[in-house]
Engineer: 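Handing you a structure now.
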Amino acid sequence: VYKRQIYASHRVESVPTDIDDLLKTAVENNARDHITGVLWTDGNMFIQVLEGERWKISTTYHKIAIDPRHEQIELISCGAVDRRLFEEWSMAYYGDTRVNRKFVLKYSGSDQVEPKRMSETSMLEMLIDLTSNHPSRTGLRAA
Ligand SMILES: Cc1cc2nc3c(=O)[nH]c(=O)nc-3n(C[C@H](O)[C@H](O)[C@H](O)COP(=O)(O)O)c2cc1C
């Protein structure tokens, strides 16, 4: 039994976020902790799915939640699951690209990501569609 946790947050504009740096840390830590998932951003918002052993997800989420690079974290779901959906990725990353925006249009019916209007299911469907049809170009395949 694993835990899957999904949240959405807003980037803090006044804090410069070096996404390569953020991903490097995330991937290194997650590979060590057997955490998998996806990080999605349109430059303003983040959506992240974290999957793994319960206590490791909790520990990591508590670090993420106090990170000054984002705020207004909305916990979308958190629960036990039988299997991982993103087991190949220490942290697949989808940034602000045309393809990415097309997927948002397809799943949220808007060119903006409004997690408050998107269901957990449509968010997961969007991320599954992205990871299966547009493998993360950051090449962050879990070992
Ligand atoms: C949007 C966002 C997503 C993040 N995702 C992860 C993650 O998946 N794993 C992780 O270890 N850190 C992640 N971080 C970074 C953590 O907040 C924190 O800086 C990091 O875990 C500290 O690592 P350290 O203890 O190795 O210095 C994320 C930060 C942000 C802002």
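Indexing begins at 1, ligand by ligand and atom by atom, following the structure's order.
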Engineer: Of the choices Asn29, Thr36, Ile73, Thr41, which has the non-hydrogen atom that lies closest to atom 23 (O) of ligand 1?
Structural biologist: Asn29

Engineer: Which of these passes side-chain contact (heavy atoms from CB on, under 4.5 Å) with Met123: Ile6, Val38, Val49?
Structural biologist: Ile6

Engineer: Could you identify the single nearest non-hydrogen protein atom to atom 2 (C) of ligand 1 and state the distance to 0.1 Å?
Structural biologist: Tyr7 OH, 3.7 Å

Engineer: Under 4.0 Å, heavy-atom basis, I'd like to know which part of Thr60 is in contact with ligand 1: side chain, backbone, both or neither.
Structural biologist: side chain

Engineer: So which bit of Lys63 gets within less than 4.0 Å of ligand 1, heavy atoms only: side chain, backbone, both or neither?
Structural biologist: both

Engineer: Taking all non-hydrogen atoms of both residues, which atom of Gln48 and which atom of Tyr7 are closest, and how far apart?
Structural biologist: OE1-OH, 2.6 Å

Engineer: Once you round to the nearest 0.5 Å, how far does CD of Glu120 lie from OG of Ser77?
Structural biologist: 3.5 Å

Engineer: Answer yes or no for Tyr93: is there a heavy-atom contact with ligand 1 below 4.0 Å?
Structural biologist: no

Engineer: Any protein heavy atom under 4.0 Å from atom 26 (O) of ligand 1?
Structural biologist: yes

Engineer: For the OG atom of Ser122 and the NZ atom of Lys106, what is their distance to the nearest 0.5 Å?
Structural biologist: 12.5 Å

Engineer: Quick check on contacts: which atoms of ligand 1 are under 4.0 angstrom from a heavy atom of Arg69?
Structural biologist: 15 (C), 19 (O)

Engineer: Name the closest protein heavy atom to atom 20 (C) of ligand 1, giving the residue it belongs to and the distance to 0.1 Å.
Structural biologist: Thr25 CG2, 3.9 Å

Engineer: Identify the closest protein heavy atom to atom 30 (C) of ligand 1: which residue and atom is it, and at what distance?
Structural biologist: Leu22 CD1, 3.6 Å

Engineer: Check Leu50 against ligand 1 and report side chain, backbone, both or neither, counting heavy atoms closer than 4.0 Å.
Structural biologist: side chain

Engineer: Checking contacts here: is it the side chain or the backbone of Asn30 that comes within 4.0 Å of ligand 1, counting heavy atoms only? Could be both or neither.
Structural biologist: side chain

Engineer: So which atom in Ile57 and which in Gln5 form the shortest heavy-atom distance, rounded to 0.1 Å?
Structural biologist: CG2-OE1, 3.6 Å

Engineer: Where is the nearest protein heavy atom to atom 3 (C) of ligand 1: which residue, which atom, and how far?
Structural biologist: Gln48 OE1, 3.4 Å

Engineer: Provide, to 0.1 Å, the distance between atom 29 (C) of ligand 1 and the closest protein heavy atom, together with that atom's residue and name.
Structural biologist: Asp67 OD2, 3.5 Å

Engineer: Quiz question: by atom type and distance under 3.5 Å, do the side chains of Arg69 and Thr17 form a donor-acceptor pair?
Structural biologist: no

Engineer: Which residue supplies the protein heavy atom nearest to atom 13 (C) of ligand 1, what is that atom called, and how far is it?
Structural biologist: Ile64 CG1, 3.7 Å

Engineer: Report yes or no: do Glu51 and Thr36 form a side-chain donor-acceptor pair below 3.5 Å?
Structural biologist: yes

Engineer: Could you list the atoms of ligand 1 found under 4.0 angstrom from a heavy atom of Met91?
Structural biologist: 8 (O)

Engineer: Using the side-chain contact (heavy atoms from CB on, under 4.5 Å) definition, which of the options Ile128, Thr121, Leu127, Asp129 pairs with Glu125?
Structural biologist: Thr121

Engineer: When you measure from the side chain of Asn30 to the backbone of Ser90, do you find a donor-acceptor pair of N or O atoms at a distance under 3.5 Å?
Structural biologist: yes

Engineer: Does Arg32 pair with Glu28 as a salt bridge, N-O distance under 4.0 Å?
Structural biologist: no

Engineer: What protein heavy atom is closest to atom 12 (N) of ligand 1, reported as residue, atom name and distance in Å?
Structural biologist: Ala26 CA, 4.0 Å

